[in-house]
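What follows is a set of notes on a single structure, which appears directly below.
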Amino acid sequence: QVQLVESGGGLVQAGGSLRLSCAASGRTLSSYAMAWFRQAPGKGREFVAGLTRSGSSTDIADSVKGRFTISRDNAKNTLYLQMNNLKPEDTAVYLCAARDGSGSTRNRFQYGYWGQGTQVTVSS
């Protein structure tokens, strides 16, 4: 069973960048398909980006396409979300998730392992 811990959130001005990290322990991340979700106050959990177990394919939500990139460092057993050109509407708690299986999915109910989240706040 894998444990996930996110870090890297913070307060940034619109147009700025942040890189979120999701450090794994217990098992290697290459055993799972991975994803980033976010949840803003009063809203549901929204898919942001996904990565297949092999690491060969990504899926990026339209709302962040061209600005966010998901990647994985197997040597560090860490998942990343590079966020550029941030907008106030990107403000949310960002969570990483892992699922048993090879494919990426946008369905949050398919993910069995979650981190505690890291807060990202973008000021205008």
Side-chain angles (χ1 to χ4, degrees):
Q1 186 166 332
V2 66
Q3 292 81 44
L4 305 171
V5 179
E6 301 93 335
S7 62
L11 174 64
V12 63
Q13 288 188 332
S17 297
L18 284 174
R19 189 178 77 159
L20 305 184
S21 299
C22 174
S25 61
R27 288 195 66 184
T28 59
L29 281 184
S30 57
S31 300
Y32 301 92
M34 302 293 300
W36 287 96
F37 288 78
R38 67 186 182 185
Q39 189 160 15
K43 295 188 177 182
R45 194 163 292 186
E46 175 191 19
F47 172 84
V48 175
L51 181 71
T52 57
R53 183 172 61 191
S54 68
S56 62
S57 181
T58 62
D59 181 23
I60 308 296
D62 288 345
S63 59
V64 304
K65 192 167 291 183
R67 301 188 295 122
F68 289 14
T69 304
I70 185 172
S71 63
R72 184 181 72 201
D73 186 329
N74 290 337
K76 295 183 177 180
N77 209 28
T78 300
L79 181 75
Y80 298 102
L81 183 69
Q82 178 66 44
M83 306 186 297
N84 299 327
N85 191 22
L86 282 159
K87 303 177 180 180
E89 52 263 42
D90 294 320
T91 294
V93 174
Y94 283 72
L95 307 100
C96 69
R99 66 182 294 266
D100 295 308
S102 59
S104 173
T105 172
R106 298 188 176 197
N107 184 346
R108 61 187 177 96
F109 296 106
Q110 297 293 320
Y111 292 86
Y113 309 99
W114 293 84
Q116 83 291 346
T118 186
Q119 176 71 46
V120 172
T121 303
V122 185
S123 63
S124 57

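Numbers for residues simply follow the sequence, beginning at 1. All values below come from the heavy atoms of this structure, side chains included, with hydrogens, waters and symmetry mates left out.
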To the nearest 0.5 angstrom, please state how far the [atom1] atom of [X] sits from the [atom2] atom of [Y].
X     : Y      : atom1 : atom2 : value
Met34 : Ser104 : CE    : OG    : 10.5 Å
Leu20 : Gln82  : CG    : CD    : 8.5 Å
Ile60 : Ile70  : CD1   : CD1   : 6.0 Å
Ser71 : Leu51  : OG    : CG    : 8.0 Å
Met83 : Leu18  : CE    : CG    : 4.5 Å

query: Could you give all pairs that pass the salt bridge (charged side-chain N to carboxylate O under 4.0 Å, His left out) test and reach residues 91-117, with sequence neighbours left out?
result: Asp59-Arg106

message: Per the salt bridge (charged side-chain N to carboxylate O under 4.0 Å, His left out) rule, what does the pair list look like for residues 68-81, sequence neighbours excluded?
response: none

- prompt: Is there side-chain contact between Gln116 and Glu6, with at least one heavy-atom pair below 4.5 Å?
  reply: yes

- prompt: Are side-chain heavy atoms of Thr28 and Asn74 found at a separation under 4.5 Å?
  reply: no

Residues in salt bridge (Lys or Arg N to Asp or Glu O under 4.0 Å) with [X], at least two apart?
X     : answer
Lys87 : none
Arg67 : Asp90
Glu46 : Arg38

message: How about CD on Gln13, more than 12 heavy atoms from neighbouring residues, nucleotides or ligands closer than 6.0 Å, or not?
response: no

Looking only at non-hydrogen atoms, find the nearest pair between [X] and [Y] and report the distance.
X      : Y     : result
Ser17  : Asn85 : OG-N, 4.2 Å
Ala24  : Val2  : CB-CG2, 3.8 Å
Ser124 : Ala14 : CA-CB, 4.4 Å

Are [Y] and [X] connected in a single hydrophobic cluster, I mean Ile/Leu/Val/Met/Phe/Trp/Tyr linked by side-chain heavy atoms less than 4.5 Å apart?
X     : Y     : value
Val48 : Val5  : no
Leu81 : Leu95 : no
Val64 : Leu86 : yes

What pairs meet the disulfide (SG to SG under 2.5 Å) rule with one or both residues in [range], with sequence neighbours excluded?
range          : value
residues 35-66 : none
residues 19-57 : Cys22-Cys96
residues 37-81 : none
residues 29-79 : none

- prompt: Backbone N or O of Val122 within a donor-acceptor pair of the Thr91 side chain at under 3.5 Å?
  reply: yes

query: Has the side chain of Asn84 got a donor or acceptor atom that lies under 3.5 Å from a matching backbone atom of Gly66?
result: no

statement: ring-ring contact (aromatic ring centres under 6.0 Å, His included) pairs touching residues 17-63, sequence neighbours excluded, are Tyr32-Tyr113, Phe37-Phe47, Phe37-Tyr111, Phe37-Trp114

task: Apply side chain to side chain contact (heavy atoms under 4.5 Å, CB included) to Ser21 and list each qualifying residue two or more places apart in sequence or on a separate chain.
output: Ser7, Thr78, Tyr80

query: Looking at residues at least two apart in the chain, or sitting in another chain, which of them share a side chain to side chain donor-acceptor pair (under 3.5 Å) with Thr121?
result: Gln119

query: Is it the case that Gln39 and Arg45 place a side-chain donor and acceptor less than 3.5 Å from each other?
result: yes

